[in-house]
Undergrad: 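This structure is in structure tokens; I'll ask about it shortly.
All values reported here derive from a predicted model rather than from experimental measurement. Whatever order the structure lists them in is the order used to number ligands and atoms, beginning at 1.
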Amino acid sequence: MTSSRTPVVLGVESSCDETGFGLVSEGVLLGQGLASSASQHAQFGGVVPEIAARAHLEAVVPTLRIALDDAGVALPDITHVAVTSGPGLATAVHVGLAAAKSIAWSLDTPLYGVHHLAGHAAADTLEHGPLPDRSIVLIVSGGHTSILAVGDLVQDPIEHLGDTLDDAAGEAFDKVSRLLGLGYPGGPAISRAAADGDPAAFTFPRAMLRPGDAPYTFSFSGLKTAVARTVETLERAGEPVPVADIAASFEQAVVDVLVTKALRAVRERSLDTLVIVGGVAANARLREQAQRRCDEAGIALRVPPPRLCTDNGAMIAAVGDLLVRSGAGPSGLGIAADPSAVLHGAQLPLPR
Ligand code: KG4
Ligand code: ZN
């Protein structure tokens, strides 16, 4: 079953609307394939789980083929398989899990269940090499917004410093995009609209930044409501809605809160590295302003390139590769989907 060959780890991702396969060997991304069903969800303003699952089913084989060709790897060269087993949309996770099990079973290779959010953090290692011994990781995705204290990503427990009380940052982008009529997915649409806008045109609330507030907890639903009220008020008065200015001001409010809290965590833990990952880390304003404020504070900032920020299979392969090289035992073919898995460790289920 296991071999002394150089590991070639296949990563499988299907937790939301992206079907991703990636191949990683000893920290190096060999190649990947990615299919998205985003356009099929656009008319509904958000991901429809049943449509996502069906699209994964159709995309699995051709996308795996693209990844193998991109990497110049033949199916029998794969030594290990890693798969997102949670968190995510249950119907969607099941498709990738079934595919990964079939591949692992037919090739007689070990199978590792991976926590999707650990995958986001591992994506950065494919671009910038191993993480430092300790760092603060800000995860900003469509479903999660968390500040984590991370040591060895696959061996140490992951410490949650704070999460969001309501909407995730990406969810706020998606909802505000919908109410500005900019479509789904909202992040890139807001970002495009905001490019021509004035980020100081509207002063939207920056929640949870007062001295008595929980230092690492986020809340974005009030911000979304404030944008909705602004739009309603303008429409009722018969005035034009300055979409670019609202998009830029909203983006600025999100970025201010994210960067302020993440930097606070780095300082209070006396660390020197901040890692920002997840779909929202593709946002140009967030990347620019985090870089500027980290430079001012003497903190090293690591952000994966945008194509590795949004969901992909390479990031799951990266976790699998780290697990294999750390000597972790496989999760086995019996692993179940865990749609609401909390991030305590990179591997699922958590080894006892
Ligand atoms: O990490 P991800 O691909 O999927 C989840 O794990 O949720 O994140 C998707 C989220 C969506 O909410 C999307 O609107 C947001 O990331 N996003 C962005 C950008 N690109 C994607 N948000 C802001 N700016 C972007 N450029
Ligand atoms: Zn994700």
Side-chain angles (χ1 to χ4, degrees), residues 11-20 22 32 34-39 41-42 45-47 49 52 56 83-89 92-93 96 114-124 137-146 163-164 167-180 182-195 197 199 220 223-224 247-248 250-255 257-259 275-290 303-316 318-319 339-341 343 346:
V12 184
E13 158 62 33
S14 72
S15 65
C16 191
D17 56 354
E18 260 97 29
T19 316
Q32 62 169 325
L34 192 64
S36 174
S37 61
S39 62
H41 308 289
V47 178
H56 286 308
V83 59
T84 298
S85 55
L89 303 169
V93 172
V114 166
H115 195 291
H116 177 81
L117 297 181
H120 276 301
D124 187 63
V137 176
L138 170 67
I139 295 192
V140 273
S141 73
H144 296 85
T145 303
S146 304
D163 298 280
T164 176
D167 294 346
E171 196 178 352
F173 270 91
D174 294 333
K175 288 178 174 171
V176 166
S177 178
R178 202 180 315 163
L179 66 91
L180 290 177
L182 296 173
Y184 175 85
I190 295 258
S191 199
R192 275 192 301 273
F220 292 109
L223 171 58
K224 172 196 64 193
F250 160 77
E251 215 178 45
Q252 187 61 49
V254 175
V255 167
V257 178
L258 292 176
V259 177
V275 189
I276 307 184
V277 298
V280 180
N283 184 269
R285 193 181 305 271
L286 173 59
R287 299 171 77 94
E288 257 165 49
Q289 299 199 10
V303 193
R307 74 194 149 79
L308 289 176
C309 288
T310 43
D311 290 350
N312 63 83
M315 69 189 205
I316 305 305
V319 177
S340 49
L343 182 58

Undergrad: Look at atom 24 (N) of ligand 1 and say which protein heavy atom is nearest, naming residue and atom and giving the distance to 0.1 Å.
TA: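 Result: N283 ND2, 3.0 Å.
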
Undergrad: Provide the number and element of each atom of ligand 1 under 4.0 Å from a heavy atom of H120.
TA: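 Contacts of ligand 1 toward H120, numbered from 1: 1 (O), 6 (O).
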
Undergrad: Within this structure, what is the CD-CD distance for the pair Q289 and Q252, rounded to the nearest 0.5 Å?
TA: 4.0 Å

Undergrad: I'd like to check which ligand 1 atoms, numbered from 1 as shown, lie under 4.0 Å from a non-hydrogen atom of A282.
TA: 26 (N)

Undergrad: Compare A172, G187, A284 and give the one whose heavy atom is closest to atom 18 (C) of ligand 1.
TA: G187

Undergrad: Using a strict 4.0 Å cut-off to heavy atoms of G170, name the atoms of ligand 1 that fall inside it.
TA: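 Selected atoms, number and element: 12 (O).
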
Undergrad: Which residue and atom name correspond to the protein heavy atom nearest atom 10 (C) of ligand 1, and how close is it?
TA: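 Here the nearest protein heavy atom works out to G142 N, 3.5 Å.
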
Undergrad: Indicate the atoms forming the closest heavy-atom contact of A189 with G183, along with that distance.
TA: CB-O, 4.4 Å

Undergrad: Mind checking what makes ring-ring contact (aromatic ring centres under 6.0 Å, His included) contact with H120, not counting sequence neighbours?
TA: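 H120: ring-ring contact (aromatic ring centres under 6.0 Å, His included) contacts with H116.
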
Undergrad: Supply the atom-to-atom distance T145 OG1 to L138 CG, rounded to the nearest 0.5 angstrom.
TA: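 Taking OG1 in T145 and CG in L138, the distance rounds to 7.5 Å.
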
Undergrad: Examine distances only and state if a side-chain atom of D174 and a backbone atom of P185 form a donor-acceptor pair shorter than 3.5 Å.
TA: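 Checked: no pair found.
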
Undergrad: Give me the nearest non-hydrogen protein atom to atom 21 (C) of ligand 1 as residue plus atom name, then the distance to 0.1 Å.
TA: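 Sorting protein heavy atoms by distance from atom 21 (C) of ligand 1 puts G279 O, 3.4 Å first.
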
Undergrad: Using a 4.0 Å cut-off to any heavy atom of G143, which atoms of ligand 1 qualify?
TA: 7 (O)

Undergrad: Could you tell me, atom by atom, which parts of ligand 1 come under 4.0 Å of a heavy atom of T310?
TA: 3 (O), 21 (C)

Undergrad: For residues D17 and S36, is any side-chain donor paired with an opposing acceptor at under 3.5 Å?
TA: no

Undergrad: Roughly how far, to the nearest 0.5 Å, is the OG1 atom of T310 from the CD atom of E13?
TA: 10.5 Å

Undergrad: Any heavy atom of P188 closer to ligand 1 than 4.0 angstrom?
TA: yes

Undergrad: Non-hydrogen atoms of H144 versus ligand 1: any pair closer than 4.0 Å?
TA: no

Undergrad: Relative to the Zn ion (ligand 2), how many protein N, O or S atoms have a separation of less than 2.8 Å?
TA: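 Those protein atoms number 3 in total.
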
Undergrad: Can a non-hydrogen atom of H116 be found less than 4.0 Å from any atom of ligand 1?
TA: yes

Undergrad: With a cut-off of 3.5 Å and sequence neighbours excluded, list every side-chain donor-acceptor pair involving residues 277-285.
TA:
{"from": "N283", "atom 1": "OD1", "to": "R285", "atom 2": "N", "distance (Å)": "3.1"}
{"from": "N283", "atom 1": "OD1", "to": "L286", "atom 2": "N", "distance (Å)": "3.0"}
{"from": "N283", "atom 1": "ND2", "to": "E251", "atom 2": "OE2", "distance (Å)": "2.9"}
{"from": "R285", "atom 1": "NE", "to": "E251", "atom 2": "OE1", "distance (Å)": "2.6"}
{"from": "R285", "atom 1": "NH2", "to": "E251", "atom 2": "OE1", "distance (Å)": "3.3"}

Undergrad: With respect to S191, determine whether any N or O atom, backbone or side chain, lies less than 3.5 Å from an N or O atom of ligand 1.
TA: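 No - when backbone and side-chain N and O of S191 are compared with those of ligand 1, no distance drops under 3.5 Å.
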
Undergrad: So, using side chain to side chain donor-acceptor pair (under 3.5 Å) as the criterion, who are the partners of T19 when residues are at least two apart?
TA: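 Counting only residues at least two positions away or on another chain, T19 forms a side chain to side chain donor-acceptor pair (under 3.5 Å) with H56.
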
Undergrad: Can you check which of L117, D174, D311, L89 brings a heavy atom nearest to atom 14 (O) of ligand 1?
TA: D174

Undergrad: Hey, is the main chain of G88 close enough, under 3.5 Å, to the side chain of S15 for a donor-acceptor pair?
TA: no

Undergrad: So how far is it from L34 CG to E18 CD, rounded to the nearest 0.5 Å?
TA: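 Here the rounded value is 5.5 Å.
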
Undergrad: Heavy-atom distance under 4.5 Å between the side chains of L258 and F220, does that happen here?
TA: yes

Undergrad: Nearest 0.5 Å please: distance from the CG atom of L117 over to the CD1 atom of I139.
TA: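 CD1 of I139 is found 4.5 Å from CG of L117.
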
